[in-house]
2 protein chains.
Amino acid sequence: MNLPLHEKIRSEIEADILTGVRTPGSRLPTEHDLMQQYGCSRMTVSKALSALAGGGLIERRKRAGSFVARPKAHSMMLDIPDLEQEIVQRGQRYRFELSERTIVPPGTPQAREAGLAEEGELLMIAGVHLADDVPLACELRLVSLAAVPEMAAQPFDDDSPGAWLLKHVPWTEAETRIASVAASTGVAAQLKLSVGAPCLFVERRTWRGSEGITQVRQHFVGSAYSLVARFGPAKRAPGS
Amino acid sequence: MNLPLHEKIRSEIEADILTGVRTPGSRLPTEHDLMQQYGCSRMTVSKALSALAGGGLIERRKRAGSFVARPKAHSMMLDIPDLEQEIVQRGQRYRFELSERTIVPPGTPQAREAGLAEEGELLMIAGVHLADDVPLACELRLVSLAAVPEMAAQPFDDDSPGAWLLKHVPWTEAETRIASVAASTGVAAQLKLSVGAPCLFVERRTWRGSEGITQVRQHFVGSAYSLVARFGPAKRAPGS
DNA sequence: TCGTCAATTATGTCTATACATTATCGGCGA
DNA sequence: TCGCCGATAATGTATAGACATAATTGACGA
């Protein structure tokens, strides 16, 4: 491994922390010490320490020094894949079946609840995602036409509105709620399940700045779908 | 806002990307151009671009230049709350009720399935998390005693093993799978639900380096619990 | 026409230096 | 004893220059 020096310094200190050689709260050598230890300039050491600080492994305080961070309240990265991609990757055929497409006038309770634009019209789209013609998930989506006027012209007979939005509309904030619910009669009918069957329920809202773009509620067939979240060195095969 | 220059450059370019001024795949100005544009040295520009690359927003290629990255799958930050904290924060009383505590010898199918140490013994802990004495979730946990020998001495009559592990054992990698399942007879009994009721199922494994530490399977009462994932500067009050 | 190779160009790493910023420490005075 | 305050020691930011590295481009030759 021919790592650049700052990477080498970073990884050595990281290893010390992860293996417990350096314990949370303890102080690291100063940049000046490390610079002598590795025989390099302060900038190089600083780069290594900054990277560690960026990763949350250490905390740097002026005048005081650098300290191993205490284990934080942790969060993980949740991949939100495009359903079409995911299904195709499984070797199945993807299809989106549009079941409803309406314009919702502003001011209705439905529009208000979605937390989207108070003023403009909303486009409501309902449909089912099918893998080899078997329902995998159904969704009910509201899109602010004020934020995405082009949306009104899209047909979505076959293409999913989620994929289209992902490609064409940039967003800056999103929030996803994940729960487990029993299939209602409506959902059960769409997913060809029995009423009361467990469904993974995902509700997502996205914004650009403070402007709401879309809200979507999806019910996944519980037995056929799961989400995965990760923390740490991404996409590493277990055991390498 | 008195940001340092490299932060200012970073955030301006970031804004351009998020608002769609710079579209995925398009090329950014070269470091040399930006250096003239901002009237600073190349190191400063480079630092800003490196930060963006680290965040996955742009991709840098030697000789070719820097490009706005195409997002393959959106990832969001999933908060993994400590159940005790969460329940107390709701204004309820937290209790962990231990229902089983066994040493699992190495080599059993159970141990193998968990993907933990092949060699050492495992500690198996089962119990229920209660909020005001109402079951919220049940869990079945396996801990590698080779990785965490101190665990054997802990009682866990009242304290949850998850909270203890979080505080005392550092980890470097974790994977969480989230699904919706129907309550089995065993789970239903523990959670005081009817068989078949929807449960949010969470399975998490953690490692330190390549050494497996623990695996836990939790079933949450579907009607009482949900997870939230976020992207962006949010922390938005629902309805603001 | 097509493949090869070298020149070019943009990023990657590193140094030595300078000055800014800020929390801590220790001393001085009330 | 206590509080204020300046000296100090650490990190934070930035510069200008040097050389390394790698991929694209284009020119040259078969």
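B/Ser11 is linked by a side-chain hydrogen bond (donor to acceptor under 3.5 Å, both in side chains) to nothing, counting only residues two or more places apart in sequence or in another chain. For B/Glu121, there are no side-chain hydrogen bond (donor to acceptor under 3.5 Å, both in side chains) partners at least two apart in sequence or on another chain. The salt bridge (Lys or Arg N to Asp or Glu O under 4.0 Å) check on B/Arg27 picks up nothing, with sequence neighbours excluded. Scored by the side-chain hydrogen bond (donor to acceptor under 3.5 Å, both in side chains) test, B/Glu12 finds B/Tyr38 as partners (sequence neighbours excluded). Residues satisfying the salt bridge (Lys or Arg N to Asp or Glu O under 4.0 Å) test with A/Asp33, not counting sequence neighbours, are none. Shown here are the side-chain hydrogen bond (donor to acceptor under 3.5 Å, both in side chains) partners of A/Arg93, two or more places apart in sequence or in another chain: A/Asp133. Under the rule for a salt bridge (Lys or Arg N to Asp or Glu O under 4.0 Å), A/Arg204 has no partner lying at least two apart in sequence or in another chain. Residues passing the salt bridge (Lys or Arg N to Asp or Glu O under 4.0 Å) test with B/Glu175 are A/Arg230, sequence neighbours excluded.
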Every protein N/O within reach of nucleotides 10-14 of chain C N/O, cut-off under 3.5 Å:
| from | atom 1 | to | atom 2 | distance (Å) |
| --- | --- | --- | --- | --- |
| C/dA10 | O4' | B/Arg63 | O | 3.4 |
| C/dT11 | OP2 | B/Glu31 | N | 3.0 |
| C/dG12 | OP2 | B/Arg60 | NE | 3.2 |
| C/dG12 | OP2 | B/Arg60 | NH1 | 2.5 |
| C/dG12 | OP2 | B/Arg60 | NH2 | 3.2 |
| C/dG12 | N7 | B/Arg42 | NH2 | 2.7 |
| C/dG12 | O6 | B/Arg42 | NH1 | 3.3 |
| C/dC14 | OP1 | A/Leu5 | N | 2.5 |
| C/dC14 | OP2 | A/Leu5 | N | 3.4 |
| C/dC14 | OP2 | A/His6 | N | 3.2 |

Item checked: Dot-bracket summary - DNA chain C, pairs being Watson-Crick or G-U whose distances fall under 3.5 Å, with | when paired to another strand -> ||||||||||||||||||||||||||||||
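For DNA chain D, the span of nucleotides reached by chain B at under 4.0 Å from its heavy atoms goes, 5' to 3', from D/dT13 to D/dT25.
Applying the salt bridge (Lys or Arg N to Asp or Glu O under 4.0 Å) test to every pair with at least one member in residues 51-66 of chain B, sequence neighbours left out, gives these pairs: B/Glu31-B/Arg60.
Using the six-membered ring where Trp is involved, B/His129 and B/Tyr94 have ring planes that are tilted, between 30° and 60° apart.
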